[in-house]
Amino acid sequence: MAATLPANVAGQRITGIGRRAKYLLIALESGTLLVHLGMSGNLRVVEAREPRRTHDHFDVVLDSGKALRFNDSRRFGSLIFTRADPARHPLLARLAPEPFDAAFDAQYLWRVTRKRRVAIKQLLMNSHLVVGVGNIYASEALFRARIAPGRRAAMLSRVEAAHLVRAVRAVLAQAIRAGGTTLRDYVGADGVPGYFRQRLYVYERAGKPCRRCGTPVRSRTQGQRSTYYCPACQK
DNA sequence: ACGCCCTCCTGTTGGC
DNA sequence: TGCCAACAGGAGGGCG
C-alpha cells in the first residue's frame, strides 16, 4: 500500500468491479485498484463515520456516506493502484485460468501435471497452474476426488485429473454459496461470516472420523502448510 | 523450469 | 499468571 495510493484513487468514479484469482479489481477512471486480502484481510461496507478499529488500514469513502473499509491484522494483503491494463500487471499477467473457465478442464490439468514431481496438493495451490484454490479447498477437493495429497502430480491418471477438476469446481461452488469458510474472523462485505466450515470433510478435522468411512482423519505438513486427508478414502 | 525453503506480520492457543 | 513456541485463510522471491 504505497503512500501515493490516496492521491491516485481519491475523487474518482468507480466504473466497474471485477475479480481475477484472489484479486478484487476496482476499476476507476484513471486506472484500477487491486485488492488482495491475504490471510487475514477483509473489506467491509461500513458507515464512513464508524470509528476505526485496530488494523483498519484504508477507507474508500463513497458519496453515499458509506466506506469500503480495509482491515488486515497480519498485513499480508495488498492494495495496489495501476494505471495500465490490470491483466498485464506483473502480479496478474501470468496467473493460470480460473477454475470455472472452460480452459481449466481435465485435459489442461492432466497436461500441466506431466513431469511435475511436486505433490498434487501443492500443485493445486500454485497460482501459475490453477488459481483460487487455497489451503482449505486444496485438501477438500482432494478428499472429494479421493486422491492422496502427497501423490506426485505426474502420477495422476487422466481419469483422476478429470475427477479433480470436478472436485475443485464443486467445492469452490459450494463454499461460495455458503458465503465462504470462516475459521476465526473472516466476514463478507456485509459483515456476515461464511458457514462452509460446517461442511468441511477433512480440513481441521485431524483425529475425527472421516465423514465417509469413519477412519480418523490425518494431518501432515506439505510446503509449510497443513494438509488434511483420509488415509482410507484417498489413494 | 522446477522445487525447496524462507519471508512478510499479528494474534491466538496450548504447554509448561 | 506469565512466558514461549507453534500455528493460522497467501504467495512472492531467492537459491541450487
Side-chain angles (χ1 to χ4, degrees), chain A residues 1-2 19-25 34-44 52-58 70-80 82 86 88-99 109 111-143 149-156 168 171-172 174-176 178-189 191-207 218-228:
Chain A
M1 183 165 58
R19 180 193 58 77
R20 178 74 175 99
K22 294 184 182 176
Y23 291 90
L24 175 63
L25 281 55
L34 309 178
V35 183
H36 196 296
L37 302 179
M39 296 271 254
S40 58
N42 83 294
L43 197 61
R44 292 191 54 197
R52 309 285 120 84
R53 303 215 267 206
T54 309
H55 307 306
D56 281 343
H57 300 302
F58 198 83
F70 180 71
N71 178 288
D72 185 14
S73 58
R74 293 181 72 181
R75 293 194 273 147
F76 288 174
S78 49
L79 293 177
I80 298 162
T82 178
R88 296 216 188 102
H89 190 280
L91 291 171
L92 275 62
R94 289 171 10 180
L95 290 174
E98 296 287 333
L109 187 61
R111 181 168 56 79
V112 302
T113 50
R114 295 310 92 185
K115 300 182 181 175
R116 292 278 183 162
R117 295 180 59 79
V118 74
I120 185 61
K121 193 260 190 170
Q122 289 170 269
L123 183 141
L124 279 183
M125 294 177 64
N126 181 342
S127 62
H128 294 114
L129 300 175
V130 192
V131 302
V133 183
N135 202 40
I136 298 173
Y137 304 129
S139 282
E140 292 297 310
L142 286 164
F143 173 81
R151 289 267 301 282
R152 291 187 190 279
M155 293 294 103
L156 262 62
V168 163
V171 73
L172 290 178
Q174 290 167 24
I176 289 165
T181 304
T182 296
L183 296 180
R184 86 178 333 135
D185 52 19
Y186 166 77
V187 290
V192 178
Y195 58 87
F196 196 70
R197 191 183 193 182
Q198 307 159 228
R199 311 275 174 82
L200 299 174
Y201 281 94
V202 287
Y203 190 84
E204 275 193 322
R205 298 195 68 249
R218 286 194 195 156
S219 68
R220 58 172 290 197
T221 298
Q222 290 181 283
Q224 293 111 244
R225 310 301 297 278
S226 58
T227 299
Y228 298 84

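So that the names make sense, note that chain A is the first sequence line, chain B the second, and so on, each numbered from 1. Side chains are part of it too, since the values below use all heavy atoms of this structure and drop only hydrogens, waters and symmetry mates. This structure is a prediction, so every number in the text was calculated from the model and none was measured.
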In dot-bracket, 5' to 3', how would DNA chain C read with Watson-Crick or G-U wobble pairs under 3.5 Å, [ ] for crossing ones and | for pairs to another strand?
-> .|||||||.|||||||
Check the distance between [N]'s [atom2] and [X]'s [atom1] and give it to me in whole angstrom.
X	N	atom1	atom2	value
A:Asn42	C:dA8	CG	P	21 Å
A:Lys121	C:dG10	NZ	C1'	12 Å
A:Arg20	C:dG10	CZ	P	17 Å
A:His36	C:dA11	NE2	C1'	7 Å

Determine whether more than 12 heavy atoms belonging to other residues, nucleotides or ligands lie under 6.0 Å from atom CZ of A:Arg114.
-> yes
Flag if over 12 foreign heavy atoms under 6.0 Å of CZ, A:Arg151 |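 Counting other residues, nucleotides and ligands, CZ of A:Arg151 exceeds 12 neighbours.
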Should A:Ser40 be listed as having a side-chain N or O under 4.0 Å from OP1 or OP2 of C:dA8?
-> no
Residues in side chain to side chain contact (heavy atoms under 4.5 Å, CB included) with A:Val192, at least two apart?
->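 Listed in chain order: A:Asp190.
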Which value, rounded to the nearest 0.5 Å, describes the distance between A:Phe70 atom CZ and A:Leu37 atom CG?
->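 Rounded to the nearest 0.5 Å, the CZ-CG separation comes to 6.0 Å.
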What distance, rounded to whole Å, do you find between the two P atoms, one in C:dC3 and one in B:dC9?
->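 Comparing P positions in C:dC3 and B:dC9 gives a spacing of 24 Å.
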If you take all heavy atoms of A:Phe76 and A:Met39, which pair is closest and at what distance?
->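 Minimum heavy-atom contact is CD1-CG, 3.5 Å.
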Non-hydrogen side-chain atoms of [X] and [Y] separated by less than 4.5 Å:
X	Y	value
A:Arg44	A:Asn71	no
A:His36	A:Leu91	no
A:Leu79	A:His57	no
A:Tyr137	A:Thr181	yes
A:Ile136	A:Leu183	yes

Name the pairs: protein N/O against N/O of nucleotides 12-16 of chain C, kept only if under 3.5 Å.
none

Scoring nucleotides 1-7 of chain B by protein non-hydrogen atoms under 4.0 Å (B base, S sugar-phosphate only, - none) yields -SS-BB-
Which letters describe nucleotides 9-15 of chain B, given B = protein heavy atom under 4.0 Å from base, S = only from sugar-phosphate, - = neither?
-> BBSS---
Pairs where residues 191-200 of chain A contributes a residue and the test salt bridge (Lys or Arg N to Asp or Glu O under 4.0 Å) is met, not counting sequence neighbours | A:Arg197-A:Glu204
For side chain to side chain contact (heavy atoms under 4.5 Å, CB included), just list the numbers for A:Ser40 and A:Ser73, CA-CA rounded to whole Å, side-chain angles, deciding distance to a tenth of an Å, and then say yes or no.
-> CA-CA 6 Å; A:Ser40 58; A:Ser73 58; 3.5 Å; yes
Decide yes or no on side chain to side chain contact (heavy atoms under 4.5 Å, CB included) for A:Thr227 and A:Leu142, but give the supporting numbers first.
-> CA-CA 10 Å; A:Thr227 299; A:Leu142 286 164; 5.9 Å; no
Scan A:Asp72 against the nucleic acid and name what it touches under 4.0 Å (heavy atoms): base, sugar-phosphate only, or nothing.
->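 If one applies the 4.0 Å heavy-atom cut-off, A:Asp72 turns out to touch nothing in the nucleic acid.
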